[in-house]
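What you see is a predicted model, and the numbers here were worked out from it, not measured in a lab. Naming: A, B, ... by sequence-line order, numbering from 1 per chain.
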2 protein chains.
Amino acid sequence: MKKGGEPAPKTRLLRAAAALLAESNGEPVSTRQITQAARVTAPTLYHHFGDKEGLFDAVVAEGFSEYLDAERNLSASGQPIEDLRMHWDNHVQFGLDHPHLYLVMFGNIRPERRPSMVASAEAFLEEVLARAAAAARLVVSPHEAARSMLAANVGVTLMLIAEPAAKRNLELSAMTREAVISAVATDSEGDPTTDTEGTPSVVVAAIALNAALQSSHPDQLSSSELKLFLEWLQRISTRSGS
Amino acid sequence: MKKGGEPAPKTRLLRAAAALLAESNGEPVSTRQITQAARVTAPTLYHHFGDKEGLFDAVVAEGFSEYLDAERNLSASGQPIEDLRMHWDNHVQFGLDHPHLYLVMFGNIRPERRPSMVASAEAFLEEVLARAAAAARLVVSPHEAARSMLAANVGVTLMLIAEPAAKRNLELSAMTREAVISAVATDSEGDPTTDTEGTPSVVVAAIALNAALQSSHPDQLSSSELKLFLEWLQRISTRSGS
DNA sequence: TAGCACCTATAGCAGCGTTATATGAAGTGG
DNA sequence: CCACTTCATATAACGCTGCTATAGGTGCTA
């Protein structure tokens, strides 16, 4: 197709648009800036992409296919639930790495005219969830699960993007991720052979019990026993690893 | 201040902007449309609001205070968890009722310059959650819980707005809502004022923890401690009255 | 050489947000 | 009743935007 000499105008337009979109921090980028940076005049842009939005869609599509590729090379772990976590984190990371692209993809939501890749992201997630369902780990349909997970994932990512990079706290992501996953999937007991860290479920259960005990003291334990019990429970509830 | 005769230009601008924003389905609304609809010329707009965005902020602020008022008149149920559900649903409903406003508020997220009401929405939710925490129903700090809930809430609402109104399935909202709430709060099998027993949930939690501990032994407890802990757990798991 | 696609450039339109400047109206002190 | 400030509105225009009607190369196939 092309030697290394100089990319075709179409490519230059794509790169210039991507670069300017990345630099100018969320503010709109004009077609004139883009065409000038690509050393090209306006009609060239419209000849190749028909539209400013067409160009942006193309830019997004490029970044998005890169994202999807990364996802595809990700999900071979064999543990469906762990795959879900990885995809969630990958989604968030993609949003933080390419906030401009991400906002175009998910922030600019208009009924109709919404980038088709949102749908394909949903489809892909649904595929991963179907595998989880096949392993009898899902408690709802993959379709519903995918929508719920994607919605929460987008919400979290938008919120993280919105706040200054310094103050970002990924705990928000991890917490919401676990919330949605645990609502959608069974808590994957069962297969400890390969599982080195089943701790999350223990922690969750410990927290639950701890909370339950706050409102009702069981009479099966003496008060001194209960005191020590609660102390241990507290210790378990504080996850050490991860 | 004003008779019923005719509103002041400032008011007319606000109303015209709100109306046009509502009608024109997500497409941008120009200042010229607005000023013309308000039977006013451009400088009047800039005199009163300084900016197009200033005008839009004012419009959003109006709708948002209405929303916040509705929320405030809502949260007197006395049951913190049920309050959370109501606020979640109210949030979603507001988004579906005023999608244009909603998108300006939560969709247009740019670092800096983001409408201050997002912060106040978060603060308000945190307030509700603080009440839940006071009732010992929270398993995380109200701050974190508020951020997580709001993120998921926004994500769900955006997704619902994005899809055609006919196809909207509020199940997505309910499902995600329960997921986040149950991750953030204890499941508080209703113990209203009368019944302070609540043993079932304790038993259930104990059983869950017991089960979880079977597959993964925490390293926070020594083996002898764990032995006694499990014994007590076993005792708690056995209902006294059976 | 002619014809034909394809790609790019010149020049310009209508619309946008915004503003420098000027005019009107309304209250206040002399 | 007049000067005076103060606020609110209007005229006209600037620089920018996305976009395009039209025309001019360029390289291929015949």
Problem set entry | Stepwise side-chain contact (heavy atoms from CB on, under 4.5 Å) test for B:Y102 and B:L96 | CA-CA 8 Å; B:Y102 192 87; B:L96 295 182; over 6 Å; no
Problem set entry | Interatomic spacing from CG in A:L84 to CZ in A:R131 - rounded to 0.5 Å | 9.5 Å
Problem set entry | Atom-pair distance (NZ on B:K52; C1' on D:dC16), nearest Å | 14 Å
Exercise. If each of B:R32 and B:P9 is mapped to the nucleotide of DNA chain D with the nearest heavy atom, which maps nearer the 5' terminus, i.e. the 5' end?
Worked result: B:P9
Exercise. Looking only at atom types and distance, does a side-chain atom of A:S182 sit under 3.5 Å from a main-chain N or O of A:A179, one as donor and one as acceptor?
Worked result: yes
For this session: In whole angstrom, give the distance that lies between atom CZ of B:R39 and atom P of D:dA10.
Result: 10 Å
For this session: Using modelled atom types only, decide if a donor and an acceptor are shared between the side chain of A:R168 and the backbone of A:L160 within a distance under 3.5 Å.
Result: yes
For this session: Keeping the roles fixed (side chain from A:S65, backbone from A:E62), state whether a donor-acceptor pair exists under 3.5 Å.
Result: yes
Problem set entry | Exam field: side chain A:Q33 to backbone A:S30, donor-acceptor pair closer than 3.5 Å | yes
For this session: Evaluate the ring planes of B:Y67 and B:F94, with Trp represented by its six-membered ring, and classify them as parallel (under 30°), tilted (30 to 60°) or perpendicular (over 60°).
Result: tilted
For this session: Return yes if some donor-acceptor pair links the side-chain N/O of B:K10 with the main-chain N/O of B:F49 below 3.5 Å, else return no.
Result: no
Problem set entry | Close residues, residues 40-48 of chain B, relative to DNA chain D [heavy-atom separation under 4.0 Å] | B:V40, B:T41, B:P43, B:T44, B:H47, B:H48
For this session: Provide the start and end nucleotides, 5' to 3', of the part of DNA chain C that has atoms under 4.0 Å from heavy atoms of chain A.
Result: C:dC7 to C:dG12
